[in-house]
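The structure appears below as structure tokens.
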Amino acid sequence: MLVYSVKQALSGAGVEGQELTVRGWVRTRRDSKAGLSFVHVGDGSCFAPIQVVAEQSLPNYQSEVLRLGPGCSVICTGKLVRSQGKGQSFEIQASRVEVTGFVDDPETYPIQPKAHTMEFLREVAHLRPRTNTFGAVSRVRHCIAQAIHRFFHEQGFFWVNTPIITASDCEGAGQMFRVSTLDLANLARGADGKIDFQQDFFGKEAFLTVSGQLAVEAYCLALSKVYTFGPTFRAENSNTPRHLAEFWMVEPEIAFADLHDDADLAEAFLKYVFRAVLDEREDDMKFFVERVDKGAIERLEKFVDAAFARVDYGQAVKLLEQSGKKFEFPVAWGMDLQTEHERFLTEQHFKCPVVVMNYPEQIKAFYMRLNDDERTVAAMDVLAPGIGEIIGGSQREERLDVLDRRMAAHELSPASYQWYRDLRRYGTVPHAGFGLGLERLVVYVCGLSNIRDAIPYPRTPGNAEF
RNA sequence: UCCAGCUUAGCUCAGUCGGUAGAGCAGGCGGCUGUUAACCGCCGGGUCCCUGGUUCGAGUCCAGGAGCUGGAGCCA
């Protein structure tokens, strides 16, 4: 017997009138006393379930088919026919319905054919992929991840797998999770009474990575166009709809490139990914428009058609000051832009995605290239309507003397950065890159309101269930 | 970490002035129907988040705690 996915069966391609088998989980069952039941079966291959028409004449109709409800797993075989009813193109006229798993206690099975709150579904993260919403989010997330790899591959980038465990605590992007095999109840201590990390697994302190950027820069200065794409960890006690302790980050890095090349890359990248979602996941996006966020598709369509605006940080501050708008937080040169400022620029002033460039050096990281004015660095934020910052990037400081000065100003010891400094000693070139959180992109594309719904099992302060 | 709000049936929620618990959905039973989150009738279902206090009496008022959510900070 030919086994088809629900997606293949619903397309009807070349198999109309033939016997085939689909396998999946029951969404709903409706009975007709005329002697048949309609069982909607989904297998996650696409948004829609397929309707299986089960007649009374099936040997297990009374004993099993009538006990089917949401969550039961089934293997259904039958002829694929055009539906007599409305609402679906094809359906399966079942000749056999094999139940592989009933639901223990249907009354307490959490996934019911009704609207659940996202908060409740987070408590049942192992069952929420069976809902319309999380099935759709999962497929869109996959589509985005594949589009990211495809975009870079087509542009001649190489995917570099930078380490998850890092023994340098100098990535400089926030609080880190410690990785250790020391016995916490009986810590090894040196003569000075401090913990003796020489006895730890790596012979020194080790942490989970907060960014692959510094490591990928080394590969950039050999392979020219590279990117990292992997899990990233931040031990910050941030409890917001935008933060996770474990998330996936994309960080491209290009050699012989300046900030404008970086902005060009970011624009082409985002448009490619959004177009892929519009092309490949129309079914899921239509659902988001219906039930999650009316503007989900329109937002992406506008985005891929818009030319990004580019504005200097200094100009942006002036625009905000002259806007006449009352902001909750004041605007002044030297301060970072708040979300409300970013949203004003992109939603009300420019009405399109905006790249803000050249921020004051004191509010940005040490590795960003100092501009000729000596007070700004070649940093950029890509702001998107409806969310604010979506990408942050910069041209990197390629001049060793300037880098050393910047490190001293940030009170970083050159000794811990020898290998990073080497990249400026041996054949340095201008280079640039940016960072993008995958989950934030998923939130933006799907119109979700909490990042915990953009990853299968969210890790946040006080929560590492499942 | 700071500020605010919320916590009542498996789920979503209502509960008036402090007087002893309700609806819809889900589940069970019956009816009806090529049905579309079907519909109609009946039934079962409660640690009102926890601890303590005020009161003749607390889901309701007060204090402390927990969890969740939103905003801020930090950031992707």
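Order of the sequence lines sets the chain letters (A, B, ...), proteins ahead of strands, with each chain counted from 1. Just so you know, these numbers use all the heavy atoms, side chains as well, and skip hydrogens, waters and symmetry mates.
- Comparing the P positions of G15(B) and U8(B) gives an interatomic distance of 14 Å, to the nearest angstrom.
- Between Lys286(A) and Glu290(A) there is no salt bridge, since no side-chain N of the basic residue sits under 4.0 Å from a carboxylate O of the acidic one.
- Here A38(B) sits opposite no nucleotide as a Watson-Crick or G-U wobble pair (both hydrogen-bonding atom distances under 3.5 Å).
- Of the side-chain N and O atoms in Gln338(A), one or more sit less than 4.0 angstrom from OP1 or OP2 of G73(B).
- Distances shown here put a side-chain N or O of Asn450(A) below 4.0 Å from the OP1 or OP2 atom of G70(B).
- Applying the Watson-Crick and G-U wobble criteria (two distances, each under 3.5 Å), G22(B) pairs with C13(B).
- Ring orientation note: the planes of Tyr359(A) and Tyr313(A) are tilted relative to one another, at an angle of 30° to 60°.
- When the side-chain nitrogen and oxygen atoms of Arg29(A) are compared with OP1 and OP2 of A38(B), none of them lie within a distance under 4.0 Å.
- Using the Watson-Crick or G-U wobble rule with both distances under 3.5 Å, A4(B) pairs with U69(B).
- Look at Arg30(A) and you won't find any side-chain N or O under 4.0 angstrom from OP1 or OP2 of U36(B).
- Using bins of under 30°, 30° to 60° and over 60° for the plane-to-plane angle, the ring pair Tyr420(A)/Tyr417(A) lands in the perpendicular bin.
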Name the atoms and distances for all side-chain donor-acceptor pairs under 3.5 Å in residues 144-153 of chain A, with sequence neighbours left out.
| from | atom 1 | to | atom 2 | distance (Å) |
| --- | --- | --- | --- | --- |
| His149(A) | ND1 | Tyr227(A) | OH | 2.6 |
| Arg150(A) | NE | Tyr272(A) | OH | 3.2 |
| Arg150(A) | NH2 | Glu280(A) | OE2 | 3.0 |

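- Across all strands shown, the partner of A63(B) is U51(B), judged by Watson-Crick or G-U wobble contacts whose two distances both fall under 3.5 Å.
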